[in-house]
Number of protein chains: 2
Amino acid sequence: MTSTTTGEDADARRRRRRAGADIKESMRELSVQLSLLNHQISASFELRDTDFDCLDVIKRHGPLSPSALARRTGLHAATLTGILDRLERGQWIARERDPDDRRAVIVRARRERNPELFRKFAGMNSAMDGLLADYDPDELELLADFLRRTADAGRAATDALVEGGRAPG
Amino acid sequence: MTSTTTGEDADARRRRRRAGADIKESMRELSVQLSLLNHQISASFELRDTDFDCLDVIKRHGPLSPSALARRTGLHAATLTGILDRLERGQWIARERDPDDRRAVIVRARRERNPELFRKFAGMNSAMDGLLADYDPDELELLADFLRRTADAGRAATDALVEGGRAPG
DNA sequence: TCGTACGATACGAGAACCGTAACATCTATT
DNA sequence: AATAGATGTTACGGTTCTCGTATCGTACGA
């Protein structure tokens with residue numbers, strides 16, 4: 001630990017690179033596992049994989065219009081009609097008319113079925129609770145911040161691909 | 001643990017609970033963003049969302065049979081035929097015959113198109129690199145370990161739902 | 001007032017999902 | 001050894017999904 005030479009630097013660099021690779025690797029695996037979990041839960045409610053993703057965006061970014069949702073998710077506007085149909089049929093959302101623009105529709109998340117959904121996530125949630133018990137508050141805050149920033153990076157990367165696909169130049 | 005001074009404990013507990021909630025919240029958002037990113041990338045290769053998830057499992061858990069893959073992902077065996085057809089058509093995998101069991105097929109991941117795929121992830125990857133530069137090696141290892149364990153939790157939760165759905169008792 | 005832009009959905013072609021069945025092969029029992 | 005049943009994979013088909021285009025109602029600038 002006390003080495004005066006570049007030995008420690010090289011070691012630190014090696015650890016850093018190794019851990020960085022591990023993180024991206026684990027991130028990819030985590031993404032796959034969460035997708036598969038999402039698939040099971042969606043299927044149990046007779047929804048498609050993407051439907052709950054949209055519901056999440058609606059919950060998070062407030063009441064918004066189908067076209068805004070399409071822009072945010074990168075999905076085709078016509079596809080959103082079907083997604084919103086299913087979510088509405090299942091009472092997950094409500095479509096309301098925009099009082100300021102009578103062409104527009106406002107999609108609002110409903111809360112009634114949240115407990116049902118929560119129950120499906122119970123297994124994952126309690127596993128997470130057990131896992132988080134091993135960390136002290138500082139570490140937890142480190143993790144929370146990392147996840148938030150990574151999610152932001154994911155959104156930026158998605159937006160870039162959507163824009164790039166739309167106007168390939 | 002030895003609490004005679006409940007003041008500090010209460011504060012730590014409050015921070016812990018708050019951070020735990022933030023983590024689960026961010027985790028869900030991360031999951032959504034990565035799904036949407038995955039959707040864009042899949043679409044750009046004319047694949048479905050789940051296809052790359054399966055490819056990832058194949059890459060990770062070695063050459064395996066379609067039925068093993070179905071068990072691992074919780075997808076219907078017949079669905080995997082279509083998924084593997086697309087992945088094979090795109091040269092992402094190869095189907096080989098199992099020499100030990102002539103009913104069986106062995107699915108092997110091919111590496112030729114990895115660079116192409118990597119290029120699609122370039123945006124996300126460099127964002128991650130920038131993000132990871134803010135952490136020291138110890139913190140990186142903490143993060144890597146956390147992600148690994150969370151992915152494991154995700155798999156366990158998915159398995160539980162698949163089993164529960166199969167035999168509801 | 002009129003023409004163009006925009007928001008949402010209907011429609012339809014092609015494709016996907018997955019339950020079932022078919023077929024080949026393996027394994028256990030007599 | 002022969003047969004019955006279990007297992008692995010894929011074909012088939014009905015229902016449903018996705019998404020390009022068209023349509024319809026509305027907003028807004030000229």
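Each chain gets a letter, A, B and so on, in the order its sequence line appears, and its residues count up from 1.
Between the CG atom of A:Asp100 and the P atom of D:dG25 there is a distance of 22 Å, rounded to whole Å. Distance, A:Ile83 CD1 to C:dA8 P: 14 Å, rounded to whole Å. Atom CG in B:Asp98 sits about 14 Å away from atom C1' in C:dA24, given to the nearest Å. One can place CG of A:Leu47 at 10 Å from P of D:dC17, the figure rounded to the nearest angstrom. In this structure, B:Asp49 atom CG and D:dC17 atom P are separated by 15 Å, rounded to whole Å. Rounded to whole Å, atom P of C:dG7 lies 14 Å from atom CD1 of A:Ile106. Look at CG on B:Leu75: it is 9 Å from P on C:dC17, rounded to the nearest Å. What separates CG of A:Leu36 from C1' of C:dC17 is a distance of 16 Å, to the nearest Å.
Checking side-chain atoms of A:Ser26 against main-chain N and O of A:Ile23 turns up no donor-acceptor pair under 3.5 Å.
With C:dA8, D:dT10, C:dC26 as the candidates, the nucleotide lying closest to the side chain of B:Val105 is D:dT10. Checking C:dT25, C:dA10, D:dT10 against every side-chain atom of A:Thr81, the shortest atom distance belongs to C:dA10. In the set D:dT9, C:dA8, D:dT21, D:dT21 carries the atom at the smallest distance from any side-chain atom of A:His76. Among the nucleotides C:dT9, C:dT25, D:dT9, the one closest to the side chain of B:Ser67 is D:dT9. Across D:dT10, D:dT26, C:dA8, the shortest atom-to-atom separation from the side chain of A:Arg103 is found for D:dT26. For B:Ala78, whose side chain is taken as the heavy atoms from C-beta onward, the closest listed nucleotide among D:dC19, C:dG19, D:dT10 is C:dG19. Here the nucleotide nearest the side chain of B:Thr79, chosen from C:dT25, C:dC17, D:dT10, is C:dC17. Listed nucleotides C:dA16, C:dC26, C:dC18 differ in distance to B:Arg48; the shortest reach to its side chain belongs to C:dA16.
Taking the side chain as every heavy atom from C-beta outward, B:Lys59 and B:Asn114 approach each other to under 4.5 Å. Contact check for B:Ile83 versus B:Thr79: side-chain heavy atoms found under the 4.5 Å cut-off.
For A:Arg95 and A:Asp85, the salt-bridge test passes: some basic side-chain N is under 4.0 Å from an acidic carboxylate O.
Between B:Arg95 and the phosphate of D:dT10, there is a side-chain N or O to OP1/OP2 separation shorter than 4.0 Å.
Residues A:Arg86 and B:Leu84 each lie close to DNA chain D; by heavy-atom proximity, the contact nearer the 5' end of the strand is made by B:Leu84.
Note on B:Leu143 and A:Tyr135: same hydrophobic cluster, where clusters join Ile, Leu, Val, Met, Phe, Trp and Tyr whose side-chain heavy atoms are under 4.5 Å apart, directly or indirectly.
Looking at heavy-atom distances under 4.0 Å, A:Asp101 makes contact with sugar-phosphate atoms alone, never a base.
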